Amino acid sequence: MRKISLLKTLATAAVAIGASFSALAADPIKIGSVLSVTGPAAFLGDPELKTLQLYVENINKAGGVLGRQLQLVHYDDGSDAAKANAFGKRLIEDDKVDIIVGGTTTGSTMSMVPLVEKAEMPFISLAGAVVIVEPVKKWVFKTPHTDRMAAEKVFEDMKKRGLTKIALLSDTSGFGASGKKETEALAPKAGMTLLASETYGPKDTDITPQLTKIKNTAGVQAVFVFGFGQGGAVVNKNYKQLGITLPLYHAHGVASEEFIKLSGPAAEGLRLPAAALLVAEKLAANDPQKPVVTGYRKAYNDRYKEDVSTFGGHAYDGLMLAVEAMKRAGTTDKAKVRDAIEATKGYIGTGGKVNMSPTDHMGLDLSAFRMLEVKNGDWALIN
Amino acid sequence: MSQFLQFLFSGITVGATYALAALGFTLIYNASNVINFAQGEFIMLGGMLVFFFLQAGLPMPVAIFLAIAIPAIVGMLIEKFTIEPAREADVVTLIIITIGVSLVIRGVIQVWLGKGTHSYPAFSGNDPILIGGATLLPQSLWVLGITALVVVALWYFFSRTLAGKAILATSCNPLAAQLVGVNTQWVLLVSFALSAALGAIGGVLLTPITLTSYDVGIMLGLKGFVAVVVGGLGSGLGAVVGGLLVGIIEAMAAGYISSAYKDAVPFILILVILFFLPRGIFGAKVTERV
Amino acid sequence: MNMLRRHKPLLILAAVLLCLPLVLPNNFYYDIAIRMAINAIIVLGLNLLIGFAGQISLGHAGFIGIGAYASAILPTHFNWHPLLAMVAGAVGASVVAAIVARPIFRLKGHYLAMATLGLGIIIAIVIKNEATYTGGPDGMPVPALGIGSFSINGEKQWYWVLAALLLFSFWASRNLIDSPFGRALRALHGSEVASQVMGVDVVRYKVAIFILSAFFASLMGSVTAHYIGFVTPNIADFFHSIELVTMVVVGGMASIYGSLIGAVLLTALPQALSTFEGWETVVFGSILIFCMIFMPRGLVPTLAERFGGRGEDA
Amino acid sequence: MALLDVENLSIAFGGVKAVQNVSFSVEKGIVYSVIGPNGAGKTTLFNLITGVYTPSEGEIRLDGNSIAGAAPHELALRGMARTFQNLQVCMNMSALENVMVGAHLKLDRNLIKAMLRFPSLARRDDQLRDEARELMRFVGLEAYWNLGANSMPYGALKRLEIARALAAKPRILFLDEPAAGLNSKETAEIDELVQKVAESGITVVLVEHDMKMVMNISDRILVLDYGKKLAEGTAQEVRDNPDVIAAYLGSTV
């Protein structure tokens, strides 16, 4: 008996909440979102959520989309993919959203993919791995650059400097594991030799043993670190502590102002591929991305008094792609919106220029990545 | 050789923090038979609070003092409001309570100070010291030195002062201690305050090396628990040896065996040790009375 | 008459499960009900170990992980039939449990807690690291569960499958605790030495119930994997173990009804708290603390006692 | 051949020799008592014989077969049962269930059959329930049969332990201070109960402080002091032994 009454209460509560919302704004467009706002991936999900909240508000102030207000329905999966699956179901079945933007990590995204495919719900993921869009899934799109692109971009730069024998150090998160897989697969094709491959935990406090091993591996010309979050800063500190002088590369998962702050002088000279957002002010005046990234940066800074990260930018792109598609489709009909997203051409976002097609549900090419170097405690563009 | 030395340095530095966490576990366990799963949160509090007070413009020594004093007060509040009312409860129930406490602490810090990762400058620079081809950060010396100091101070406290002996007596037999006039409630409060302060000291010292964020306490606490069990519950010496051992073995495993499986190594170690020594290395053998 | 009285709780549960779909508004609520049932079955098994036999396990998610990944890996990489994979997983989990159980159950209290915790974490790390088969931290998809051309699809079908499984588990658990085997288990919790001199081989019983609960945890891991269609290492991690133990303790140790209530409440709670905007952890932690301080024996036994029930076999 | 033979039995905890070179035999069908001042090693002796402790030295034989070092549950299988000085009642179970646990070895303990509640197992269980009630009546606990053990008074729990031990249908029963902590009326009742048990043909080994009871019902008595055997014999022989009188400080026994 308990069970019935409990569920009944839950059900009525949900209905009541739903009703009060619809009374406030007549028939809003519902943007659903599942993000990792807590847990190990919180530093990705947190700015993503803030960005979505900020821009939904801004768009609504400017009159909304198709004459309707936007309503953001978001859940925190706590960086647990299984929870993402449950919340995804909730968005589709209970909240009946019009589109889903989110899925902070690849795991969360992939756990929702079967749901959205079955429910025929347009879904724009904010996660990195290639598997999300390869093979192409009819209803699934993504905004961030892939891990494979990061490896390609880094290899391109290494070869320019004549570095072909490298050591890989990846973290054990989904991001790092997928990056490791892609890098190892790509290396022989790109003419690179991996002399060592070590891993570390994203929350590790000391990575000197792995770096010592790399340091003592003969012939290594450069070190490529594929990880995200604070672990990357610890790598930098240990790197300096051990006095390793080889050129150091990171992947895009650490691209934030915070990363330099945490690493201190140890970050000096390292390079990484990142979206233009990080160097918004330093872009050439005629760069097509300049107005977009400076605009986003300013809006975010003004509102939250904290530095932007490229991850928030991914959420911005996701929301804008969705909104643009709805505008072009002139409706929120899911199939038409999906078609419109797939037809996106020349959209300029924080991540780069997006050209979607039936065979490419990300729409970015290598030019979307800028190669950056830390100089005097700040990001600098290199060609 | 220099490689081995490097792994050793790395292991000892990390191990010293595990040892401090383990000592905190031991103090509380001895006074109350509770394994405090919130111990790791004190380490987190130490680092986060120093960062917060520095940001607020306080000088370093004041920031450090507050970052140790506040967790000590939090420790006493925990004892007063969650452990004391549940004195008679089961082991599992108490474990769940301390897990609840750790969730609350972590949650409050997360809402208050955000989810970002933070750090502050090392106490005496970042120029590595070269020893036998291996390098050591000055901050590591701080960690080791203060840990050693804490261990000596604790030893003195427990073997030479009345207050310390009162705590020991309570841990042996609370009723008997009460009969000879020890205020056992006071002992519990002091133990919680002391172990919280120990954890916070660890956090304060370690943050310049390892960085901190609202959720670093989980893993540090867990490793501290491993250290306690390796050394033997209730033994202060065991806690220190266990902590260092876990740190060193972890570093050696990462260096020589597999960096992917290094996190599993402490737990494999635990299973192996418990198979052969069911009460850890220094744990007392107890014959049950029937 | 006696028959009816004996089976009254079972009939009530059956009635509840039968009527529940009438009030479930949509698939999302079916989904919650299914997850509640899955947790309830695991918690029933875990409560036999923790509540009735008095042995802690902080690593049960490891066994759930073994089942889930057996169901994901064997059909995907080796073309096994999903049902066969499910059985293989459960047998595998039982074997792992059996191998470690003998040495582990010489241990008591916190040492046992640590050993089981370690076991769970080791399993989770293996799953995370062997990415070639497991897909690593990002996880992998799981094929549908079916026989021949028929496969279980959608929340409504799964609901009935889980309802049947829950009824069976409830019935079997009640049978077990009221049997010679079950009494021996409870006796060794009450007084280990007394049960020994009565002829109970305590280690054998602890090992047996550990294996049994591992077996069911693994089966439910398989069911979870097939139901969600996707599995990640989170299913095996430490926090999941703690979550399950929390369900046991909050619901009530050594209480069959407590297992059900604990699983239902703590499955619903995160969904209910999702509106708290950042304060979820604080609220969740506070609820745990309050529950445990004011009802240290858990909800069901405490309330049963307060409202005059017997509470003993509850 | 004696039912139970103990030869040169010793055990040490740390440096303390709790039992030293104790030897005695218990013939079938008698009431054999062990007495001695507090700390004389009586309970330790019981723990050694029933397998709770492993002896450091010495030999214990049941029916002529060595059983030293065997686990308690193995000894139960050979027909040993006991009660405890410090109550070892399972407080998490009902009184009746406690008694039913006593019959553990007489039952089908299969896990699968239990879960599926096989009819054969269910029938036997119902039968056992009646037998257990009968036993509770035998020890005078019929009023409590439906209660949880945790709601029974101390005196009743003492008898519950005896009922539980009897449920195992033992050949030899060790009673460790069955009357400790009871008032004189209750002690008299226990006295009567022990005699009833002995009359039913079970060999009883008894540790007891109540000398009136011991002298009344014992066929033979063993006196321990500081872990050593001080004297052994019939009630009269022990009563007249000067060493025993000295050990009890001349108190009239």
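The chains referred to below are lettered A, B, ... by the order of the sequence lines, with proteins before strands, and numbering in each begins at 1. Being a predicted model, the structure only gives us computed values, none of them experimental.
Counting only heavy atoms from C-beta outward, the side chains of B:F7 and B:M252 approach each other to under 4.5 Å. Between A:H74 and A:E48 the shortest side-chain heavy-atom distance does not fall below 4.5 Å. Side-chain contact between B:I64 and B:V50: present, with at least one pair of heavy atoms (C-beta onward) separated by less than 4.5 Å.
Neither the backbone nor the side chain of B:P138 comes within contact range of chain A; no heavy atoms are under 4.5 Å apart. For B:I129, no part sits under 4.5 Å from any heavy atom of chain A, backbone or side chain. Contacts of B:E250 with chain A are absent, with no heavy-atom separation under 4.5 Å from either backbone or side chain. For A:T38, the parts lying under 4.5 angstrom from a heavy atom of chain B are both the backbone and the side chain. With a 4.5 Å cut-off on non-hydrogen atoms, A:E258 touches chain B through its side chain but not through its backbone. Using a 4.5 Å cut-off between heavy atoms, A:D204 touches chain B through its side chain atoms alone. When heavy atoms are compared at a cutoff of 4.5 Å, B:F9 does not approach chain A at all.
Taking chain A as the reference chain and counting heavy-atom pairs below 4.5 Å, the highest number among B:A253, B:A251, B:G255, B:G116 is found for B:G255. With chain A as the partner, the residue from B:P128, B:S10, B:S258 showing the most heavy-atom pairs under 4.5 Å is B:S10. No other option in B:V14, B:D263, B:L137 has as many heavy-atom pairs under 4.5 Å with chain A as B:L137. Ranked by heavy-atom pairs shorter than 4.5 Å toward chain A, the options B:H118, B:Q110, B:K262 are led by B:K262. Comparing B:A260, B:A254, B:S119, B:G114 by heavy-atom pairs within less than 4.5 Å of chain A, the highest count is held by B:A254.
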_Stepwise side-chain contact (heavy atoms from CB on, under 4.5 Å) test for B:Y256 and B:Q3_ = CA-CA 10 Å; B:Y256 288 119; B:Q3 186 167 324; 4.1 Å; yes

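Checking each of B:L211, B:V204, B:T212 against B:Y120 for a side-chain contact (heavy atoms from CB on, under 4.5 Å) leaves exactly one that passes, namely B:V204.
Note on ring orientation: taking the six-membered ring where Trp is involved, the planes of A:Y296 and A:Y300 are tilted (angle from 30° to 60°). The aromatic rings of A:F175 and A:F226 are tilted relative to each other, their planes meeting at an angle between 30° and 60°.
Atom NZ of A:K181 has 12 or fewer neighbouring heavy atoms from other residues, nucleotides or ligands inside a 6.0 Å radius.
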